Asker: 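If you scroll down you'll find the structure; I have some questions about it.
To find a chain, count down the sequence lines: A is the first, B the second, and so on, and within it residues start at 1. Please read all numbers here as calculations on a predicted model, not as lab measurements. Hydrogens, waters and symmetry mates are skipped; everything else that's a heavy atom, side chains included, is used.
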Amino acid sequence: MTKKNFLVSIIFLLVVCALPFLVSDYRLFQLTLVLVYAIALLGLNMLTGYNGQISLGHGAFYAIGAYCAAILMDKYGVPYWATIPLAGIVCLVAGFLFGLPALRLEGLYLALATFALGVSLPQLLKYHHLEKWTGGVQGIVIAKPDAPAVFAQAGLPLSADHWLYYFTLAVTITMFVLGRNLLRGRVGRAMLAIRDNPIAAQAMGVDNALYKSLTFGVSAMYTGVAGALGAIAVQFVAPDSFNIFLSLAFLVGIVVGGLASIPGAIYGALFIQFVPNIADSISKAAPWAIFGVFMLVFVYVLPAGVAGAVQMALSRVRRNPRRVVP
Amino acid sequence: MDAFLHQVFAGLATGGIYASLALALVMIYQATHLVNFAQGEMAMFCTYIAWSLMNAGMGYWPAFLLTVAFGFALGVAIERLVIRPVRHAPVLSTVVVFIALLVILNSVTGWIYSYTIKPFPSPFPASSFLGNRFMSPHELGSIGITFIVLALLYAFFRFTPLGLAMRAAAQNPESSRLVGIRVGWMLALGWGLASAIGAIAGMMIAPIVYLDPNMMGGILLYAFAAALLGGIDSPGGAVLGGFAMGVLENLLGAFVIGNELKLGVALVLIVGVLVVRPSGFFGKVHVTRV
Amino acid sequence: MKRLVPIAALLAAALASPAAVAQKKYDPGASDTEIKIGNTNPYSGPASAYGTIGKVIAAYFKMLNEQGGINGRKISFISYDDGYSPPKTVEMARKLVEQDQVLFLFQTLGTPPNTAIHKYMNMKKVPQLHVATGASKWNDPKNFPWTMGWQPNYHTEGEIYAKHILQTKPNAKIGVLYQNDDYGKDLLKGLKDGLGAKAAGMIVKEASYEVSDPTVDSQIIQLQGSGADVFVNITTPKFAAQAVRKVYDIGWKPVHYLNNVGSSVGSVLVPAGLEKAVGVITTEYLKDFTDSRWANDPAVKTWAAFMKKYYPEGDLADRSNMYGYTAAKTLEQVLRQAGDNLTRTNIIKQAASMKGYRVDTLLPGISMTTSDDDFAPIEAVQLERFNGKQFELFGEVMGK
């Protein structure tokens, strides 16, 4: 990384860390959700943006992650921080397993299969034989973790909201750094190659089947981790929280944020968190109509999303010819 | 045995619903090779237009015909204005556009008409000499209409020059252009027909499930499963797939797995068909040359 | 400096005098000129049919404001869409409490949404008043002193049907159709609890359905096939209409109990076919505009005029609009009782001290009573039977 980039990153990090003391608890809660969605969107982006496999059902993995965290905390007393990696592992396996039959499906067919997954999951969560774990339609209420006592002792009293924000931030940064290394390296290039020309990629020695299934798994893992964090932040899981509109919101997020772009996940998360609130003040029934219109606008006018627009603007400012799409 | 028969007939009635929407889905696929996620909402929107016309005093059949014409125009407009710009874009863009249409149509309809359910009239008598025990006259009538539409479609594609031109445009756009076929308008025509079929489906479905903006939500998934089962590019297959889907869903729900997993059945069916036999029972198997 | 002490003493005496007891007391959200009330409703998404409740309540407060408000204060009714999604409800509730600084939340809708904010509201000591759900868990003042329900709860409704079945048909074979969510299961549990030890023997078939199912025809056939001669129908309007129609069409003639949520004449029985609904039994606590026996009732006429002027796009046949209006009138009474003491503690206190208060759109004989250990305002309902044109009350008012 260049010295300038490093400096920018440090300043960005400082601002992000100072936020809890600058904004209200309610805003902080919203920002925590933005971080959660950013992780989920990075996961979906890996699958759809980088690897070209369309998923309209990623809400299902978010739900699995959330329920993992809730069941572990509620029924087995697992501490909240341990549920995150556990949820990730469960979703990694689940994603990989779903990725196997998905290998045979292309484009629209995969979209259809994942759409079916997204639509049918809430009913599966309500299934009465699973009720003793999932809590059925009543859902599961979980307790919000308090900040560790060491902070209060050091004279820096952190509220539960503050602590949750920092915890989520730490997980987000970890996931993003890991993801960046993955996507910028050999694996990322293989994923892109499979997206752009699977036959040529295969001919060049890339094991399509392995990479595609692994990408599904890793993408599900990211979204599952996000789900677990989301469950802890909201303190409640119920089947109604995870319907098809959640999966569609994720799709909106990556299209608006920018496909195949890491900062795109953050732009997209900001969009899906804050735009419904703005839309609410325009018209009560409108939020999804506005989402729809935004989706169309971005597809026609800004196919590279906000990230692409930002890069274009920056390159104009720098007068440096830079590639807009990786 | 009586219960079994009863479930079969009820399944055929529900299957008729799936079949009519599946027919519209297949129509779009045959014309454009696209899976239209917004088909259900388009059909629902047209049905509301019909409701508005009838509410304003128009009789059933005039409103019906006007709505079919409106559905046709809507389909053409969507193809020309919304789908056309992304026809060369990657598949994801098309999917996003479909989803956008889905949510916009759903929200706008809810905003204009509110979400309270409304009864929708049926052109068929309320009871018939056969009695309503196994199937109501409306359900029988809608199945009849679905078969009529199917027959008309078959005749259109098989025996008219326009139908031939449409099939050519979908199968081989370049060569069709060379022969003088206006491929762009053929696609628009395909969309118009599919949308009109969807409008008919909507008007047949609404009397059974009652009219509300979310009425197509559950049906769409089953219609997809039906279309895949029968063959996404075979209209006859899709109709048969619809009936099969309805009967299967009812029998499984009543005797095997209970009512709580019906959507799961649709999921398994969709994934299963796509993985094992993507062309369905009656579709053509596509071989891609590498 | 020495002179300030007597002046200070004088001021202290003046402030401590009895006249100061009648002084205004405000918590965040209340002032001399306004009372801020928060609400979340599903205006979008799968449950958006209920969004009309938030709209009719807003319209009612608009009318009140035009008439001068309550005790000279205008009502600011701030309602946000939560799409029936619990995470969104949490976010909107926090916004209302922490950012908009409302005095309390009123008629937040849905069991999962309210469950999600239950702990938060009680931790923040902000009233979660008259929640718009019939779940039985909102009547728990010992553990959740800031949460209060409003409508007769589903569990009680199920118990009432059970009681009636035991009285009239003790050897009945019961088939149940229920919506597979918290409301359906709550009512079913009430039915079972009401039947007590006989439940397992009497209920021969339970069939559930999802909101996403196109029809419930298959379930109705299953229920007929089970040999049931009593049918307990726990469905929402769309499916209630389908069920009523199908039961008639297949020639099944059970004793048909239809739950309150799905018994509106205009939006359920008319689409199903009035002749097909003869004999249907339900419980009711509100006056149904579409039931012709109230055609000349002054309360209903007032309501219709209100709807026409302040909420013209609302559907008169939609029972939710009568529901929301009655709830809003209840709150009006609570606020009037609170007078100038607009603290959160006092709001809950006033809501918990209703003694037989009647809103005129409630059925005759039904009133609201609350106390420190009774946070369920309406617990009474009346059984009624449909005769092809109207519902006819029978028996006495059941419940408290």
Side-chain angles (χ1 to χ4, degrees), chain A residues 23-30 32-33 36-37 62 66 119-120 122-128 131 135-144 160-161 227 230-231 233-246 249 273-274 276-277 279-281 283-291, chain C residues 40-48 51-52 54-55 58 78-101 110-120 123-124 135 137 178-186 189 206 208-213:
Chain A
V23 300
S24 68
D25 268 0
Y26 162 67
R27 279 271 175 252
L28 200 59
F29 173 71
Q30 286 186 311
T32 311
L33 285 179
V36 167
Y37 292 142
Y62 187 89
V119 171
S120 57
Q123 195 192 37
L124 290 169
L125 288 170
K126 288 195 271 189
Y127 189 46
H128 70 265
E131 231 169 70
V137 294
Q138 299 283 354
I140 306 175
V141 179
I142 36 189
K144 199 182 218 150
D161 280 322
V234 172
Q235 300 174 264
F236 180 65
V237 292
D240 288 298
S241 314
F242 307 114
N243 58 27
I244 186 67
F245 284 102
L246 179 67
Q273 173 58 37
F274 288 111
N277 300 352
D280 196 69
S281 43
S283 153
K284 278 276 173 279
W288 278 97
I290 304 225
F291 265 10
Chain C
T40 60
N41 241 222
Y43 295 112
S44 69
S48 28
T52 190
K55 293 188 192 162
I78 308 175
S79 175
Y80 291 130
D81 174 35
D82 70 348
Y84 209 77
S85 170
K88 202 74 189 166
T89 318
V90 171
E91 188 193 330
M92 292 298 120
R94 291 196 65 163
K95 182 174 185 191
L96 287 164
V97 169
E98 295 172 35
Q99 192 174 57
D100 296 318
Q101 303 262 314
T111 303
N114 274 299
T115 309
I117 61 175
H118 203 189
K119 262 198 202 158
Y120 170 78
M123 179 194 74
K124 282 282 197 189
K137 61 180 165 187
Y178 67 99
Q179 186 160 300
N180 188 16
D181 66 3
D182 53 272
Y183 127 78
K185 291 191 166 180
D186 216 2
K189 183 158 185 296
E206 295 168 21
S208 73
Y209 71 93
E210 301 290 329
V211 174
S212 55
D213 282 351

Asker: For the residue pair C:M92 and A:N277, establish whether any side-chain heavy-atom pair is separated by less than 4.5 Å.
Answerer: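 Touching, per the 4.5 Å side-chain cut-off.
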Asker: What's the shortest heavy-atom distance between C:S85 and A:S241, and which atoms?
Answerer: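 That would be OG-CA, 4.2 Å.
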Asker: Are the side chains of A:R27 and C:E98 in contact, using a 4.5 Å heavy-atom criterion?
Answerer: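 With C-beta onward as the side chain, the pair stays apart.
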Asker: Taking the side chain as every heavy atom from C-beta outward, state whether C:E91 and A:Q273 have any pair of such atoms under 4.5 Å apart.
Answerer: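 Yes; the side chains approach each other to less than 4.5 Å.
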Asker: Any idea which heavy atoms bring C:T115 and A:F236 closest together, and the distance?
Answerer: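 For C:T115 versus A:F236, the nearest heavy atoms are CG2-CE1, 3.6 Å.
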Asker: Against chain C, label A:S24 side chain, backbone, both or neither, depending on which of its atoms sit under 4.5 Å from a heavy atom there.
Answerer: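 When you check distances to chain C, no heavy atom of A:S24 falls under 4.5 Å.
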Asker: So which part of C:K185 gets closer than 4.5 Å to some heavy atom of chain A, the side chain, the backbone, both or neither?
Answerer: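 Side chain only.
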Asker: Less than 4.5 Å to any heavy atom of chain C: does that hold for the side chain of A:L33, its backbone, both, or neither?
Answerer: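 Just its side chain gets close to chain C.
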Asker: Report the distance from atom OH of A:Y26 to atom CG of C:D100, rounding to the nearest 0.5 Å.
Answerer: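 If I round to the nearest 0.5 Å, the distance is 8.0 Å.
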Asker: Flag the one option from C:P113, C:G83, C:P112 with the top tally of heavy-atom pairs under 4.5 Å to chain A.
Answerer: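 Option with the top pair count is C:P112.
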Asker: For A:Q235, which atoms come within 4.5 Å of any heavy atom of chain C: side chain, backbone, both, or neither?
Answerer: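 Answer is neither: A:Q235 stays 4.5 Å or more from chain C.
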Asker: C:S48 versus chain A, heavy atoms under 4.5 Å apart: side chain, backbone, both or neither?
Answerer: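 Contact with chain A involves no heavy atom of C:S48 at all.
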Asker: How many angstroms lie between OG1 in C:T89 and CG in A:D240, if you round to the nearest 0.5 Å?
Answerer: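 CG of A:D240 is found 9.5 Å from OG1 of C:T89.
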Asker: Side chain, backbone, both or neither: which part of A:P276 has an atom under 4.5 Å from a heavy atom of chain C?
Answerer: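 For A:P276, the contact with chain C is made by the side chain alone.
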Asker: Does A:N243 reach the side chain of C:Y84, with side-chain heavy atoms less than 4.5 Å apart?
Answerer: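 A:N243 vs C:Y84: side chains apart.
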Asker: Considering non-hydrogen atoms only, spot the tightest contact between C:K119 and A:V141 and give its length.
Answerer: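 What the structure gives for the nearest pair is NZ-CG1, 3.8 Å.
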Asker: So which of A:L246, A:D161, A:V237 has the largest heavy-atom pair count under 4.5 angstrom toward chain C?
Answerer: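 If we count pairs closer than 4.5 Å to chain C, A:D161 comes out on top.
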